[in-house]
Amino acid sequence: MIVAMSKVEIIGPMELLLPVLDRVRALGLFQVEQEMRGFVDREDEKAFRPVRLDKKTLAERSYCDGLMAKIDQLAGFLPKLPTRCSYLEPHSAVGIVAEVVDKHTLLCSGLCRRRDALEGERGELLRQTAFLDALEPLFKTAGEGTGLDFIGVSLKDGEAVDHLYQLIARLTGDTFEFVTTGGPEGAIIVLVTLPVELGAKVRDVLNGERIPELAFPASLSQLPFPDKVRAVRRRIGDIGAELDRVNAELHRFASRWWPTYSCVREWLLDRLALLTTTAAIHKTDLCFFIHGWMPSPDVPRLRSLLNGEFQGRVVVEEQGALEEEMEVIPIAIRNPPYFRPFELFTRILPLPSYRSYDPTPFIGIFFPIFFGMILGDVGYGLLLLACALVMLKLFRTRRDLHDAALILLVSSCYAVVFGFLYGECFGGTAGGWRLLEQTCVIERSRSIMPMLAFSLSIGVAHVTLGLCLGFWSTLRRRLVRESLAKLVNILLLLCLAALAVSLFSPFPPPIRKGLNVAVLVAIPLMLLTGGLLAPLEMMKNIGNIVSYARIMAIGLASVLIAQVANRFAGLTGDVLTGAVAGGLIHLINIALGIFSPTIHSLRLHYVEFFDKFIVYGGRRFEPFKKPPG
Amino acid sequence: MEKVLLGFAAALAVGLCAIATGWAQSRIGSAGAGTLAEKPELSGTIIILLAIPETMVILGFVVAAMILYL
């Protein structure tokens, strides 16, 4: 339901502004309005001016802003840990934090820089290790004899290997050893073993040919190739140990200091919110005025709170909302526990305007009924009920999933009820079940036309209810012509529905004649009240009613799939295979049985029903309150 | 012969409507996928939009049922 809102003005002496704002925020039920038009008379507006912060408060705000920025910068260097609450009083800790924050930022940024450098170096060495792993077996083949030089090269394809072989053979006069192996990412690793005196010459030519030798850090350049490999591995181990030390130091720092920083940060956020809100407040020479909206039932609570705290020095005044303000009143929606989960579906829609309706109760009432009508199977309903119970147990803390489980719970109950009325259990009809035989009212797989008539009559009732609510809504907004048009539409729709019924079960002639006359009178009235587009509107209403045939159509598809599953299971001629095959088709049908009725029931609400009476475009109620901790 | 013609008419009514629905849903689906990439919070609305053209096939089904049973 849309909560009734009151236009409220809080007046008090200037020195109490911040304490009053603090109490209002603690209550969390008041939306402060910057615009004062509508709250005071036009001629009195000149007497008010926005509150400008004095020098001291301005300095405080700038101090808080600066400290917040420094704490946020420090937070960027620290690992994210679950923080405990600090035992320090935030107000007294602010000074300490302000004193040490620069030193701490310097320390942590240094540690982070060191960590990044180490990680970079390790990444580079690890890349080389991938080649070294490939090279290591080649050393065993080539040996590590003295007086030999080693050149490692990584090549992309076989052709380049041949080219390299020819080149080195030419340069060394065949005094070399050439071994290859597969490297990472499809590369071919080549190890060339040759006399030391030829090493420099070969390297020069390779550089000229743009065949780079596997690179190692400059610090290892003096070492022989096998020693380089060992040194790289040793360095990777050292870097790992150093990284652990740096990370442990950052971790230790965060667990020691972050609780204090976090509690000071929260205090600063609170204080800044308070100081920023003062910009939306007005004052005269003597006192401040806070204008805004709050739920009407909560006004006495605010009044008694401020009266008690400030001994009558602060006044809370409730004003009547003006006609032109109806469109700007913020919208707060509160529903009883049964309807609350259905807000999941109304959150998809834009907010209704203040004088319109909250769609939640309508969805809460009709959605499960439509869902039950479409699915209508005792077996499927009980399975979904079990699913809903499991979901409820699993998703206690996740609001949306918990709400979805509650909706499924209610809807599956309706599916069981309609399952009894249709005499269906896993697609099996009344013939096979004694209890179902007794409760079965209509076998929908065989009664297509009666089910179609039933669905359309549901459509007539639902659309007419929508038009009636629309009539009432336009009447409340004093839109007389529009409300009359709705009324004529209702009458015409009912007359046409009655005439359609009379085609199948003829009414007594006087009633039929009366209906004909009523239609003849309603048509010009409809044109008079709704204009030239009124017949189009009427056609739209009839189209909307026909759309309710989906209740029958989708339900029929569901029951036929279930019957196919049963027949298919029977055709296999084997209990186990039949159970698996039939079970799989039933499983698909159940999945469709959740998805399809949900989508189509929602569509019937959003497109066919709400269109008749809900006016969207409301502004969300955003009370001034402490951010959640 | 009349039964064959009735069956053919019913098949046309539901078949053509199904093709039209499929075509409309393919267009809405591709536009919806593009929208979802930018605004994932609109997934609920897009699912509803995707279901809207199904009215056509349902109307076709109703017409087919009327052809066969009335």
Side-chain angles (χ1 to χ4, degrees), chain A residues 343-350 359 363 367 374 400 403-404 444-456 459 500 503-504 540 542-557 560 592 594-611 616, chain B:
Chain A
E343 285 176 11
L344 182 73
F345 291 143
T346 45
R347 280 200 288 273
I348 296 171
L349 299 168
I363 295 188
F367 175 85
I374 295 172
D400 282 357
D403 286 352
R444 59 175 170 168
S445 58
R446 289 182 194 167
S447 318
I448 292 175
M449 288 317 282
M451 273 306 290
L452 181 61
F454 171 66
S455 305
L456 292 182
L503 289 177
F504 299 96
K540 201 178 117 192
I542 293 170
N544 286 344
I545 290 169
V546 177
S547 181
Y548 282 75
R550 70 186 64 226
I551 293 177
M552 176 274 286
I554 296 158
L556 184 65
L560 290 180
L592 286 173
I594 301 173
F595 203 64
S596 217
T598 306
I599 299 267
H600 287 279
S601 302
L602 281 181
R603 186 226 135 99
L604 287 177
H605 282 86
Y606 292 171
V607 182
E608 273 83 13
F609 186 50
F610 293 157
D611 189 36
Y616 296 106
Chain B
M1 187 62 190
E2 194 192 349
K3 254 191 170 179
V4 172
L5 283 176
L6 282 175
F8 188 66
L12 268 183
V14 81
L16 287 177
C17 290
I19 289 169
T21 299
W23 181 76
Q25 283 190 325
S26 73
R27 304 296 297 263
I28 297 171
S30 59
T35 312
L36 273 184
E38 284 192 13
K39 290 192 170 182
E41 68 273 14
L42 288 178
S43 51
T45 318
I46 287 160
I47 290 172
I48 300 296
L49 284 176
L50 206 55
I52 285 177
E54 281 182 23
T55 310
M56 274 189 284
V57 72
I58 285 163
L59 291 178
F61 176 74
V62 171
V63 171
M66 288 167 91
I67 290 170
L68 290 177
Y69 295 100
L70 283 182

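Protein chains get the first letters and strands the later ones, always in sequence-line order, with residue 1 at the start of each.
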For this session: With a 4.5 angstrom heavy-atom cut-off, could you sort out which part of A/L456 is near chain B: side chain, backbone, both or neither?
Result: neither

Exercise. Heavy-atom distance under 4.5 Å between the side chains of A/I551 and A/L604, does that happen here?
Worked result: yes

Seminar exercise, completed: Minimal heavy-atom distance between A/P597 and A/I374, with the atoms involved, is CG-CG2, 3.7 Å

Here's a test: name every donor-acceptor pair under 3.5 Å between chain B and chain A, with the distance for each.
residue : atom : partner : partner atom : Å
B/I52   : O    : A/R603  : NH1          : 2.8
B/E54   : OE1  : A/H600  : NE2          : 2.5
B/T55   : OG1  : A/R550  : NH2          : 2.8
B/T55   : OG1  : A/R603  : NH1          : 2.8
B/T55   : OG1  : A/R603  : NH2          : 3.1

Problem set entry | Nearest heavy-atom neighbours spanning B/C17 and B/V57 | CB-CA, 3.8 Å

Exercise. What part of A/I448 is in contact with chain B, defined as an atom under 4.5 angstrom from a non-hydrogen atom: side chain, backbone, both or neither?
Worked result: side chain

For this session: Would you please name every residue forming a side chain to side chain contact (heavy atoms under 4.5 Å, CB included) with B/L12, sequence neighbours left out?
Result: B/F8, B/L16

For this session: Looking only at non-hydrogen atoms, find the nearest pair between A/A500 and A/F504 and report the distance.
Result: O-CD1, 3.4 Å

Problem set entry | Heavy-atom closest contact (A/A549 atom, A/L452 atom, distance) | CB-CD1, 3.7 Å

Exercise. Is the number of heavy atoms from other residues, nucleotides or ligands under 6.0 Å of A/M449 CE greater than 12?
Worked result: yes

